[in-house]
2 protein chains.
Amino acid sequence: MITMEEAEIRSNIIKAMGHPVRLMMIDVLKDGTRSFSEIFSLFTLDKSTVSKHLLVLKEAGIVTSQKTGADMIYRLEVPCVTDFFGCVTAVIENNVRRQQVCLCKR
Amino acid sequence: MITMEEAEIRSNIIKAMGHPVRLMMIDVLKDGTRSFSEIFSLFTLDKSTVSKHLLVLKEAGIVTSQKTGADMIYRLEVPCVTDFFGCVTAVIENNVRRQQVCLCKR
DNA sequence: TGCCTTGTTGGTATTGTTACCAACAAGGCA
DNA sequence: TGCCTTGTTGGTAACAATACCAACAAGGCA
């Protein structure tokens with residue numbers, strides 16, 4: 001079994017992905033780098049809120065940023081995180097299936 | 001891009017994995033079913049706390065439970081979630097590598 | 001230099017999460 | 001039935017996460 005320390009390190013990375021806004025950010029960045037203003041324009045959130053979400057992703061090591069001219073460019077550092085979305089979809093589909101079973105039983 | 005609704009559904013599942021205790025539970029269950037008392041004995045936590053963590057995993061659809069005799073048996077419903085650990089490890093290793101780069105630069 | 005754009009940081013209120021203890025419910029067994 | 005084991009649920013306190021506004025810092029450009 002994994003140790004508690006190992007589990008804590010892992011959970012920090014997973015926790016960073018566990019917010020709808022940050023998931024959408026990752027989803028957008030999987031197609032290539034994006035500037036702050038591009039990412040900001042996707043949401044109806046304060047710029048400080050967007051900045052802080054990106055900071056969470058950065059601190060987890062999921063994205064990196066680089067100042068380029070006047071813009072801050074964000075990059076998905078570990079694209080494999082998006083592979084996980086397929087499994088999440090499997091969980092969702094399994095949930096739907098089980099719900100249907102429950103409905104049939106009634 | 002994924003919708004906000006889709007992102008919220010996905011993030012609920014990911015959030016359920018974003019706690020060290022629940023990660024360890026998933027790690028143990030990947031090798032087969034376990035009873036509540038087996039899982040409980042792995043931690044120095046109140047039984048109510050363990051029960052609530054398992055409830056979070058159940059509500060996300062990651063595990064299921066079944067009463068068997070006097071015991072409650074837990075089962076990992078979607079084993080592919082453990083595939084993700086490999087990617088999390090990649091993130092961790094990348095973080096370590098970048099840290100070394102930073103240290104070299106100084 | 002002064003101003004504008006672009007992001008980040010600080011402060012704070014609100015909300016969500018987690019852990020404990022206590023009480024309860026369900027079922028096995030003497 | 002009475003008691004014990006096994007887990008769950010309710011209550012609550014402590015802590016973490018999130019969103020906003022305001023203020024700030026850095027750099028480009030007139």
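So that the names make sense, note that chain A is the first sequence line, chain B the second, and so on, each numbered from 1.
Partner assigned to dG11(D) is dC20(C), using Watson-Crick or G-U wobble distances below 3.5 angstrom. Pair assignment for dA16(D) gives dT15(C), based on Watson-Crick or G-U wobble hydrogen-bonding distances that are each under 3.5 Å. Using Watson-Crick or G-U wobble geometry with both donor-acceptor distances under 3.5 Å, dC4(C) finds its partner in dG27(D).
Atom-to-atom, CG of Leu54(B) to P of dT17(C) comes out at 17 Å; the value is rounded to the nearest Å. We find that CG of Leu57(B) is positioned 14 Å from P of dT17(C), with the value rounded to whole Å. Note: NZ (Lys15(B)) to C1' (dA16(D)) measures 13 Å, nearest angstrom. As rounded to whole Å, 16 Å separates atom C1' of dT6(C) from atom CG of Leu55(A). Taking atom CD of residue Glu8(B) and atom P of nucleotide dT18(D), one finds them 13 Å apart after rounding to whole Å. Atom pair Asp71(A):CG and dT5(C):P shows a separation of 14 Å (rounding to whole Å applied). For Asp46(B) and dA22(C), the CG to P distance is 10 Å, given to the nearest whole Å. Atom C1' of nucleotide dT8(C) and atom CZ of Phe36(A) are separated by 8 Å, given to the nearest angstrom.
Residue His53(B) places no side-chain N or O under 4.0 Å from the OP1 or OP2 atom of dT8(D). Of the side-chain N and O atoms in His19(B), none sit less than 4.0 angstrom from OP1 or OP2 of dG16(C). For Thr49(A), a side-chain nitrogen or oxygen approaches OP1 or OP2 of dC20(D) to under 4.0 Å. The side chain of Ser51(A) contributes an N or O atom lying less than 4.0 Å from OP1 or OP2 of dT8(C).
Residue Ser48(B) is the one, among Lys67(B) and Ser48(B), whose nearest nucleotide of DNA chain C lies closer to the 5' end (criterion: closest heavy atom). Each of Thr44(A) and Ile73(B) lies near DNA chain D, and the nucleotide nearest Ile73(B) is the one positioned closer to the 5' end.
Under the 4.5 Å side-chain heavy-atom criterion for grouping Ile, Leu, Val, Met, Phe, Trp and Tyr, Ile73(A) is not connected to Leu29(A) through any hydrophobic cluster. If you chain together hydrophobic residues whose side chains sit under 4.5 Å apart, Leu55(B) and Val91(A) never meet in one group.
Proximity of a side-chain donor or acceptor of Ser51(B) to a complementary backbone N or O of Ser48(B) within less than 3.5 Å is not detected.
Ring geometry for Phe84(B) versus Phe84(A): interplanar angle under 30°, hence parallel rather than tilted (30 to 60°).
Across all strands shown, Phe43(A) has no heavy atoms under 4.0 Å from either base or sugar-phosphate atoms.
Comparing atom distances between the Lys47(A) side chain and each of dC20(C), dG7(D), dT8(C) picks out dT8(C) as nearest. The side chain of Lys52(A) lies closest to dT9(C) when the candidates are dT8(D), dT9(C), dG7(C).
Between Gln66(B) and Met72(B), the shortest heavy-atom contact is C-SD, 3.6 Å.
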